[in-house]
Amino acid sequence: MKRHKRSAMSSNTSESTMYEGTSYNRDAFENYLAVYAVDGIRFSAGTLVLFFLNVFLLIPVFSVPVQLMYAYILLPPLAVMNVWALALIVAPRRLQLNYVLFRGVFGIVCSLGFMIIIQKFAYGMLGLTTPWYAIGSFVVYGFAFFQYAKFHINRLKQSPNSPKSEKGSRMPVATLTMLTGGGYLLANISLAFVTEQTVAVVLMSVYIMLAFVVFHFMMDVHRYYWLRRVLNTPVEVQSNKSQNTERKIT
């Protein structure tokens with residue numbers, strides 16, 4: 001995905017200047033409020049939901065052993081995402097701003113959906129019976145996302161042109177997030193040594209990585225919130241292209 005940032009503001013603007021009413025750096029925040037290019041919405045919406053989300057959720061939901069509880073949980077949001085994706089494919093220009101919210105909701109459905117599928121692998125295929133695995137996995141997941149969101153938002157408080165040395169203070173948060181995900185992954189891989197269901201452990205490991213990878217999609221809910229506050233209508237978003245350079249999606 002290629003992102004085209006807004007041109008730098010006047011040199012008279014100090015790097016410490018904050019966007020009015022927020023603690024965010026003005027340059028970083030205005031770059032953040034760019035919308036996605038219309039010509040990439042159809043392909044992206046179709047790929048994210050009609051292919052990626054459907055394939056990675058429907059197949060394990062209906063694979064052996066079939067447990068209807070997981071289908072009841074996942075099918076309703078999956079149906080909503082499919083209808084939403086079709087609407088974006090039909091009218092991408094009209095729903096240009098809405099697409100930002102779509103990406104955020106996709107991230108939430110996708111990431112939580114993967115975590116639920118992991119529970120099916122653990123309890124349906126590995127035969128775990130203790131509830132502590134489910135409790136622990138969601139606690140770790142919540143902690144990792146909190147750290148990721150904190151890191152993501154803190155970046156908006158830093159000038160895009162700040163020296164690399166100033167970015168060092170942000171690294172421990174990102175490192176902590178990665179270590180949390182890595183530790184959770186290793187804990188699940190270790191299950192291979194106490195069970196013969198190696199395939200299930202491998203699948204759980206893959207889904208754990210995917211659940212963490214789509215965190216960046218979830219943060220588009222935050223972007224959409226601020227876009228709605230700063231911009232009056234979707235029409236205004238399109239008319240302000242000279243002020244907010246669109247992001248091109250590959």
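Computed from a predicted model, the values in this text were never measured in an experiment. We're numbering straight along the sequence, starting at 1.
By the criterion of side-chain heavy atoms lying less than 4.5 angstrom apart, applied directly or through intervening Ile, Leu, Val, Met, Phe, Trp or Tyr residues, L68 is not grouped with I116; the two fall into different hydrophobic clusters. When hydrophobic clusters are built by joining Ile, Leu, Val, Met, Phe, Trp and Tyr residues whose side-chain heavy atoms come closer than 4.5 Å, directly or via intermediates, L48 is not grouped with V90. When the side chains of ILVMFWY residues are joined at heavy-atom separations under 4.5 Å, either directly or via intervening members, Y225 and V35 end up in a single hydrophobic cluster. One hydrophobic cluster, built from ILVMFWY side chains closer than 4.5 Å, holds both F51 and I41. Y72 and L75 fall into different hydrophobic clusters, defined by Ile, Leu, Val, Met, Phe, Trp and Tyr side-chain heavy atoms under 4.5 Å apart, directly or through other members.
Residues forming a ring pair (Phe, Tyr, Trp, His ring centres under 6.0 Å) with F29 (at least two apart in sequence, or on another chain): Y19, Y24, W226. The side-chain hydrogen bond (donor to acceptor under 3.5 Å, both in side chains) search around Y70 returns none, not counting sequence neighbours.
Heavy-atom minimum distance, A85 versus A45: CB-O, 3.9 Å. Shortest non-hydrogen contact noted between G124 and P65 is O-CG, 3.5 Å.
Between F217 and C110 there is no side-chain heavy-atom pair separated by less than 4.5 Å. A 4.5 Å side-chain heavy-atom check between W84 and V105 finds at least one atom pair inside the cut-off. Counting only heavy atoms from C-beta outward, the side chains of Y123 and Y133 approach each other to under 4.5 Å. Side-chain contact between R228 and L97: present, with at least one pair of heavy atoms (C-beta onward) separated by less than 4.5 Å. Inter-residue side-chain proximity for N25 and Q158 is flagged as unmet; no heavy-atom pair is nearer than 4.5 Å. Y207 has its side chain out of reach of F212: every pair of non-hydrogen atoms, C-beta onward, lies at least 4.5 Å apart.
Remark: of the listed residues L78, V80, N82, I89, N82 is the sole one forming a side-chain contact (heavy atoms from CB on, under 4.5 Å) with V49. Checking F151, F146, Y141, F114 one by one against F215, the ring pair (Phe, Tyr, Trp, His ring centres under 6.0 Å) holds for a single residue, Y141.
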If you apply the rule side-chain contact (heavy atoms from CB on, under 4.5 Å), what do you find for L57 with F52, and how did you get there? CA-CA 8 Å; L57 287 184; F52 184 80; over 6 Å; no
Check the pair M204, L126 against side-chain contact (heavy atoms from CB on, under 4.5 Å), reporting the backbone distance first and the verdict last. CA-CA 10 Å; M204 289 170 64; L126 294 184; 3.6 Å; yes
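Summarising the geometry, atom OH belonging to Y148 is positioned 7.5 Å from atom CE belonging to M219; distances are rounded to the nearest 0.5 Å. For the atom pair CD1 of I108 and CE of M81, the computed distance is 9.5 Å after rounding to the nearest 0.5 Å. The structure places CZ of F62 at 9.5 Å from CG of L74, a figure rounded to the nearest 0.5 Å. Going from atom CG of L203 over to atom CD1 of I118 covers 10.5 Å, rounded to the nearest 0.5 Å. Distance CD1/I117 to CD1/I73: 9.5 Å, rounded to 0.5 Å. With values rounded to the nearest 0.5 angstrom, Q96 atom CD is found 11.0 Å from L88 atom CG.
Chaining together hydrophobic side chains whose heavy atoms lie under 4.5 Å apart places I135 alongside W132, V139.
Side chain of S111 to main chain of A211: a donor-acceptor pair is present (N/O by atom type, distance under 3.5 Å, no hydrogens or angles). A donor-acceptor pair is defined here as one N or O able to donate and one able to accept, closer than 3.5 Å; no such pair exists between the side chain of K120 and the backbone of M125. Listed for the Q119 side chain is a donor-acceptor partner under 3.5 Å among the backbone atoms of M115. Of the possible donor and acceptor atoms, none in the side chain of T47 sits under 3.5 Å from a partner among the backbone N and O of S44.
Under the 3.5 Å distance criterion, with hydrogens and angles disregarded, a donor-acceptor pair is assigned to the side chains of R103 and Y36.
Ring geometry, H222 versus Y32: the interplanar angle falls from 30° to 60°, so the pair is classed tilted.
The ring of H152 has its center no closer than 6.0 angstrom to the ring center of F145.
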